[in-house]
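Before any comments, here is the structure.
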Amino acid sequence: MMSLNRSIFLSNAGISSSSSPFTGRQRGSVPSVPSSLRVVAVNSNRDRNGSVLTETTRKDVRDGAGSSSSAIDADSKSTVAPGGPHDVYDEDAATKEQVVTPWFVSVASGYTLLRDPHHNKGLAFTDKERGAHYLRGLLPPTVVSQELQVKKMMHIIRQYQVPLQKYMAMMDLQESNEKLFYKLLIDNVEEMLPIVYTPTVGEACQKYGSIFGRPQGLYISLKEKGCIHEVLRNWPEKNIEVIVVTDGERILGLGDLGCQGMGIPVGKLALYTALGGVRPSACLPVTIDVGTNNENLLNDEYYIGLRQRRATGQEYAELLHEFMSAVKQTYGEKVLIQFEDFANHNAFDLLAKYSTTHLVFNDDIQGTASVVLAGLVASLKEVGGTLADHTFLFLGAGEAGTGIAELIALEISKQTNMPVEETRKKVWLVDSKGLIVSSRRESLQHFKKPWAHEHEPVKTLLDAVNDIKPTVLIGTSGVGRTFTKEVIEAMASFNEKPIILSLSNPTSQSECTAEEAYTWSQGRAIFASGSPFAPLEYEGKTFVPGQANNAYIFPGLGLGLIMSGAIRVHDDMLLAASEALAAQVTQENFDKGLIYPPFKNIRRISAEIAAKVAAKAYELGLATRLPMPKDLVKHAESCMYSPAYQTFR
Ligand SMILES: O=C([O-])CC(=O)C(=O)O
Ligand SMILES: [Mg+2]
């Protein structure tokens with residue numbers, strides 16, 4: 001006899017497969033319904049233990065839907081449904097005339113179970129499970145452990161020579177066996193990070209149309225204007241806790257990749273789960289498609305997005321506003337929205353506009369700032385002095401550059417009690433027109449203005465380095481190979497240990513390579529980069545370049561916000577995250593030239609970051625999950641998703 005287990009599906013009786021949005025991916029939730037149909041659960045099956053399955057399901061739906069709007073006719077764009085605010089099934093408003101769809105609960109079994117990425121275990125299904133879930137004959141007789149599956153998969157992936165092939169194999173795995181994907185990623189994080197994340201994810205986005213197989217994430221294009229709320233309801237999971245959203249206009253340092261930017265939210269959220277322990281079903285990758293100005297893509301027959309130039313101005317703002325409102329309406333106040341890889345001209349405005357009404361942060365402005373500040377604080381142990389004793393010069397005055405600059409100024413201000421207007425003077429930025437100085441103020445974009453200090457105009461980076469004599473040089477330009485031999489040699493001429501950070505991604509856009517930084521500074525540079533470089537030898541000594549990437553911060557920051565039920569992100573949380581990360585760097589790391597701890601310990605590091613962020617949320621009165629747990633690190637660890645297979649009844 002078939003036993004009922006957690007792999008419960010809601011199935012629909014009588015809607016043809018073409019009209020039903022229900023697919024094998026959906027579970028434990030009521031899918032949105034075709035126009036003029038309404039949802040009701042009619043089956044009160046009980047499992048062997050007597051628990052009523054529909055109760056579980058209803059709770060799931062209520063929690064997620066948060067309003068009665070799942071009962072809205074898709075045709076009428078009304079957002080007011082007939083029943084009360086939590087009347088997901090329209091029970092309050094039931095009448096004889098009201099047409100509903102009788103949804104019922106069924107159990108994922110047999111062929112469907114094997115093809116459900118959330119429950120599939122492949123050859124790891126035990127004989128007992130195979131018997132109980134109609135899998136006999138659908139698998140060869142052997143039963144293997146998850147560990148052996150990881151070993152075999154790693155063997156396959158290592159045989160691919162081309163990183164993009166490895167990426168595609170990983171995405172296939174994510175879509176066929178989710179737990180195995182995460183187990184493999186967690187257990188081999190240092191080897192697999194450059195595949196599912198920078199640099200390979202950059203190439204994947206560039207070629208996304210031609211490698212496009214099974215869609216991942218949610219696409220919201222201009223075509224969805226006016227019905228974004230319904231589109232969100234098409235997503236199979238209802239209890240969303242984190243959204244990473246991009247509009248694809250500035251993908252890493254690669255520029256406008258339009259709709260093909262989807263690889264970024266998908267990759268970032270895979271890291272939320274693998275590095276930060278946020279369960280995958282709570283993660284929603286979103287790409288907003290307002291067109292692209294990338295001519296190559298517009299002329300590419302495999303391009304997957306809208307074939308038009310980017311919408312701007314009011315049209316853009318309205319679509320974004322509808323999205324932000326629909327997200328809050330659908331998932332509530334505590335859903336975290338991470339803005340990712342928007343162009344400068346939208347990134348700052350979106351962050352400013354929504355940071356007072358939503359739980360938002362911009363990874364490129366704030367996440368990158370937090371990780372870089374952590375590296376700088378850690379490196380003080382090597383170079384000496386306080387932050388205020390140093391002088392910082394940036395190449396690149398966009399999101400990352402000005403975001404990092406502001407967090408440094410804020411931290412110095414906290415440490416010295418000097419006003420931030422004063423501490424900003426320790427920080428200088430160079431953009432494509434040269435050093436940012438007061439005589440340029442009128443023509444500067446608003447986010448650059450605070451950095452226009454009194455100084456003669458300076459045209460080139462090399463001249464700026466020689467004039468300002470920074471102790472720290474940071475590349476956030478998105479343009480590769482701009483830290484030339486002369487620039488690094490100049491840094492090394494007046495600094496015993498010049499700090500050089502080449503942050504632009506992917507590797508092709510890095511301001512210099514690790515090898516260049518070490519050789520041109522005669523092995524004296526303290527170097528880290530946004531994308532990874534392999535360890536290398538210079539004059540008999542091994543150098544291990546660190547990776548100054550926001551991946552250290554956003555998973556732990558996100559976990560801390562979620563576990564405390566925070567309703568807003570505050571700058572002090574970013575400072576707390578920096579502090580927590582810096583505290584994880586050991587003498588052993590320094591001895592290798594590292595200013596960040598290795599990624600292999602990232603889950604523990606994320607728990608530390610989450611704890612510090614949550615503590616700050618409680619302190620600031622922004623936390624809603626009360627009372628505050630006593631041991632926040634332990635609590636963070638206990639909240640983390642485990643990729644181990646579950647045993648099915
Ligand atoms: O994705 C990364 O590796 C870091 C990042 O946010 C960016 O470069 O935009
Ligand atoms: Mg980014």
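Whatever order the structure lists them in is the order used to number ligands and atoms, beginning at 1. Just so you know, these numbers come straight off a predicted model, no measurement behind them.
Proximity of a side-chain donor or acceptor of S606 to a complementary backbone N or O of L275 within less than 3.5 Å is detected. Of the possible donor and acceptor atoms, none in the side chain of R250 sits under 3.5 Å from a partner among the backbone N and O of D341. Looking only at distances, a side-chain donor or acceptor of T368 sits under 3.5 Å from a matching main-chain atom of D363. The backbone N or O of P470 lies less than 3.5 Å from no partner atom in the side chain of T391, so there is not a single donor-acceptor pair.
Every atom of ligand 1 is numbered from 1 in the order shown, and the set under 4.0 Å from a heavy atom of E340 is 6 (O). Annotation for ligand 1: atoms under 4.0 Å from non-hydrogen atoms of T198 are 3 (O). Atom numbering of ligand 1 starts at 1 in the shown order; those under 4.0 Å from a heavy atom of K268 are 1 (O), 2 (C), 4 (C), 5 (C), 6 (O).
With respect to the Mg ion (ligand 2), D341 has OD1 as its nearest N, O or S atom. In terms of distance to the Mg ion (ligand 2), the nearest N, O or S atom of E340 is named OE2. The N, O or S atom of D364 lying closest to the Mg ion (ligand 2) is OD1.
In terms of protein heavy-atom proximity, atom 2 (C) of ligand 1 is nearest to Y197 OH, 3.3 Å. At the shortest separation from atom 9 (O) of ligand 1 among protein heavy atoms lies R250 NH2, 2.6 Å. In this structure, atom 4 (C) of ligand 1 lies nearest to the protein heavy atom N505 ND2, 3.2 Å. When only non-hydrogen protein atoms are considered, atom 3 (O) of ligand 1 lies nearest to N549 ND2, 2.9 Å.
When heavy-atom distances to ligand 1 are checked against a 4.0 Å cut-off, T368 has no atom that comes that close, whether in backbone or side chain. Under 4.0 Å from ligand 1, not a single heavy atom of L503 appears.
Taking the six-membered ring where tryptophan is involved, the planes of Y354 and F339 are tilted, since the angle between them lies from 30° to 60°. The aromatic rings of Y596 and Y552 sit parallel to each other, their planes meeting at less than 30°, with 60° as the upper class boundary.
Between Y182 and Y641, the ring center distance clears the sub-6.0 Å criterion.
Between D364 and ligand 1, at least one N/O pair is under 3.5 Å apart.
A salt bridge links R158 with E191: the closest approach of a Lys/Arg side-chain nitrogen to an acidic carboxylate oxygen falls below 4.0 angstrom.
Considering V360, L559, L359 as possible partners of L336, the one that fulfils the side-chain contact (heavy atoms from CB on, under 4.5 Å) test is L359.
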